[in-house]
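Just so it is clear: chains get the letters A, B, ... in the order the sequence lines come, proteins before strands, and each one is counted from 1.
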Protein chains: 2
Amino acid sequence: MYNENDFHYLYATMNTNATDLYQSWLSSLQNSGYRLTETRRALVEILAASSHALSAVELYDLGRRECPRLGLVTVYRTLEKLEELGLIQRVHQPGGCHMYLRAAQGHQHLLLCTACGRAEYFDGDDLSTFMNSVADQSGFDVRDHWLQLFGLCQQCRDHDL
Amino acid sequence: MYNENDFHYLYATMNTNATDLYQSWLSSLQNSGYRLTETRRALVEILAASSHALSAVELYDLGRRECPRLGLVTVYRTLEKLEELGLIQRVHQPGGCHMYLRAAQGHQHLLLCTACGRAEYFDGDDLSTFMNSVADQSGFDVRDHWLQLFGLCQQCRDHDL
DNA sequence: CAGATAATGACACTCCTTTTCATTTACACC
DNA sequence: GGTGTAAATGAAAAGGAGTGTCATTATCTG
Ligand SMILES: [Mn+2]
Ligand SMILES: [Mn+2]
Ligand SMILES: [Zn+2]
Ligand SMILES: [Zn+2]
């Protein structure tokens, strides 16, 4: 899925959108009383620019390019704070462990490429009528839902041709 | 969510349906060349009768009531075989680790009670038109989806009144 | 009943994540 | 610009979930 030696995608997708995210995440950290360190800036920059969900170790490896002294513990602590502020979210992998990705904006769900790991959000799903019928049949008070789609992204489809 | 001292639910929900499941799972194991041991019968009985997804440790604790010498490793090995035969499936918890539950029949999805952990399957979801529109907009070839609903089951709603 | 082999439990190990603690760093205040 | 204080860091150790190894035990076949 994710290739250790292929970090091009990270900065290839670094657009104004990602730069804005980067700045707003730094502000968000600062407004919550957290300090801005070199390490933290580096990790935030990587996460805000990534088109893939990243595991803690992947983020650790990417982070050490900027901050060679970086420790894995700091990665986990940074992820914890960004998640607490609602800036990133965990993505559950079929295998078991977590990856991390910028959080959804409002009511969005994930679309994941099973070949390269690319993650995109989509919106516009309206499950309300369906959920009402499930509620009626089951007696449950349905309060939340969790929807993820899996498939092949445009690039991976092209690559396969 | 799940109370260590409250195993009533397990046998309270033991109905003919669960008894049938129990017998068919044993047959399934036998037909695949696996042997029927006392330990295995006990674990299968618990899983087939459970209305909740169980963690490995929960299953371990329940199993030791019947087989005090039971080891946690045996629990994992039994879960592995039952999953391999398609009789149970993993349920991903928001927290991270897995729980295990009888497998879905055909195209079904899960409905989980956030208060007591009760798990029920439902069917009848038709996301095809929605998934087509997502595919069009994203360029993804959407091949699979993962849907879980969360809410309060009838019992927990009554209990709250 | 006896032999072949699957299953078990104890132990040790790996992997991911969290805790602890001494040191370093950022930021508020003067 | 210094200075003090509390937050952040990295190293090391601990924790929890899950897997591998191996000698012993139990199941099934004939
Ligand atoms: Mn939705
Ligand atoms: Mn479906
Ligand atoms: Zn892809
Ligand atoms: Zn409930």
Side-chain angles (χ1 to χ4, degrees), chain A residues 1-2 4 25-45 53-61 63-85 88-100, chain B residues 1-2 4 25-47 53-61 63-85 88-100:
Chain A
M1 177 166 299
Y2 170 81
E4 178 80 19
W25 288 14
L26 292 185
S27 302
S28 194
L29 283 164
Q30 219 163 20
N31 293 340
S32 303
Y34 294 123
R35 296 176 179 175
L36 299 186
T37 67
E38 195 192 342
T39 306
R40 207 160 266 178
R41 282 178 219 272
L43 294 177
V44 166
E45 184 177 7
L54 298 174
S55 71
V57 172
E58 284 168 359
L59 181 56
Y60 175 56
D61 290 336
R64 275 188 300 178
R65 308 181 140 205
E66 292 291 312
C67 307
R69 296 175 38 81
L70 173 65
L72 183 55
V73 186
T74 302
V75 170
Y76 278 108
R77 280 188 289 231
T78 304
L79 288 170
E80 188 184 2
K81 285 178 180 56
L82 293 174
E83 191 181 11
E84 169 203 325
L85 295 176
I88 63 170
Q89 67 178 46
R90 295 185 183 204
V91 178
H92 296 267
Q93 298 301 111
C97 59
H98 301 138
M99 305 187 85
Y100 297 86
Chain B
M1 175 165 304
Y2 171 84
E4 178 80 21
W25 289 13
L26 291 185
S27 301
S28 196
L29 283 164
Q30 219 163 18
N31 293 338
S32 303
Y34 295 122
R35 296 176 179 177
L36 298 187
T37 67
E38 195 192 343
T39 307
R40 206 161 266 178
R41 282 178 218 270
L43 295 177
V44 165
E45 183 176 9
I46 293 165
L47 281 167
L54 297 174
S55 71
V57 172
E58 283 167 0
L59 182 56
Y60 176 56
D61 290 337
R64 276 188 300 176
R65 308 181 138 203
E66 291 292 312
C67 308
R69 295 175 38 81
L70 174 65
L72 184 54
V73 185
T74 301
V75 171
Y76 278 109
R77 280 188 288 231
T78 305
L79 288 171
E80 188 183 2
K81 287 180 178 56
L82 293 174
E83 191 181 10
E84 169 203 326
L85 295 176
I88 62 170
Q89 68 177 46
R90 295 185 183 205
V91 179
H92 296 267
Q93 298 300 111
C97 56
H98 301 137
M99 303 186 86
Y100 298 85

Whichever of Gly71(B) and Leu72(A) has the more 5' nearest nucleotide on DNA chain C, that residue is Gly71(B)
Between Ala53(A) and Val91(A), what is the shortest heavy-atom contact and its length? CB-CG2, 4.1 Å
Closest to the side chain of Gln30(B), out of dG10(D), dC28(D), dC27(C), is dC28(D)
Compare side-chain N and O positions of Thr74(A) against OP1 and OP2 of dA8(D) and report whether any pair is under 4.0 Å apart. no
Expressed as a whole number of angstroms, how long is the span from Leu59(A):CG to dC16(C):C1'? 15 Å
Are His98(B) and dA17(D) close enough that a side-chain N or O sits under 4.0 Å from OP1 or OP2? no
From CE of Met99(A) over to C1' of dC15(C), roughly how many Å is that when rounded to an integer? 15 Å
Taking dT8(C), dT9(D), dG20(D) as options, the one with an atom nearest any side-chain atom of Thr78(B) is dT8(C)
Whole-Å distance between dT27(D) C1' and Leu26(B) CG? 14 Å
When all nucleic acid strands are considered with a 4.0 Å heavy-atom cut-off, which category describes Leu70(A): base, sugar-phosphate, or nothing? sugar-phosphate
Using only side-chain N and O atoms of Tyr76(A), determine if any of them is under 4.0 Å from OP1 or OP2 of dT18(C). no
Give, for atom CD of Glu38(B) and atom CD of Glu66(B), the distance between the pair rounded to the nearest 0.5 Å. 8.0 Å
Roughly how far apart are Glu80(B) CD and Tyr100(B) OH, rounded to 0.5 Å? 9.0 Å
Answer yes or no: is there a side-chain heavy-atom contact under 4.5 Å between Ile88(A) and Trp25(A)? yes
Integer-rounded Å distance: dG16(D) C1' and Glu58(B) CD: 15 Å
Symbol by symbol from the 5' end, with Watson-Crick or G-U pairs under 3.5 Å, [ ] crossing and | another strand, DNA chain D is |||.||||||||||||||||||||||||||
Could you go through nucleotides 1-7 of chain D and list every protein N or O atom that sits under 3.5 Å from one of its N or O atoms, giving the distance for each pair?
unit_1	atom_1	unit_2	atom_2	d
dA6(D)	N3	Arg35(A)	NH1	3.1
dA6(D)	N3	Arg35(A)	NH2	3.4
dA7(D)	O4'	Arg35(A)	NH1	3.3
dA7(D)	O4'	Arg35(A)	NH2	3.4

Validation row: Thr78(A), Thr39(A) side chains within 4.5 angstrom (heavy atoms): no
Within the 4.0 Å heavy-atom criterion, would you say Arg77(B) contacts the bases, only the backbone, or no part of the nucleic acid? base
Quick one: pull up OG1 in Thr37(B) and CG in Leu43(B) and give me the separation to the nearest 0.5 Å. 8.0 Å
How is Ser55(A) classified with respect to the nucleic acid when contacts are heavy atoms under 4.0 Å: base, sugar-phosphate, or nothing? nothing
Atom-pair distance (OH on Tyr60(A); C1' on dA11(D)), nearest Å: 11 Å
Roughly how far, to the nearest 0.5 Å, is the OG atom of Ser55(A) from the CG atom of Leu79(A)? 9.5 Å
Using heavy atoms to find the nearest nucleotide of DNA chain D for Thr37(B) and Val73(B) separately, return the residue whose nucleotide is more 5′. Val73(B)
Side-chain atoms of Ala56(A) come closest, of dT17(C), dG10(D), dG9(C), to dT17(C)
Please tell me if the side chains of Val57(A) and Val75(A) come closer than 4.5 Å, counting only heavy atoms from C-beta onward. no
Atom-pair distance (CG on Asn31(B); P on dC28(D)), nearest Å: 13 Å
Tell me the interatomic distance from Glu38(A), atom CD, to dC27(C), atom P, rounded to whole angstroms. 12 Å
Atom of Ser28(A), atom of Ser32(A) and distance for their closest heavy-atom approach: O-OG, 3.0 Å
Between dT8(C) atom P and Glu80(B) atom CD, what is the distance in whole Å? 12 Å
Side chains of Glu83(A) and Gln89(A): does their closest heavy-atom pair fall under 4.5 Å? no
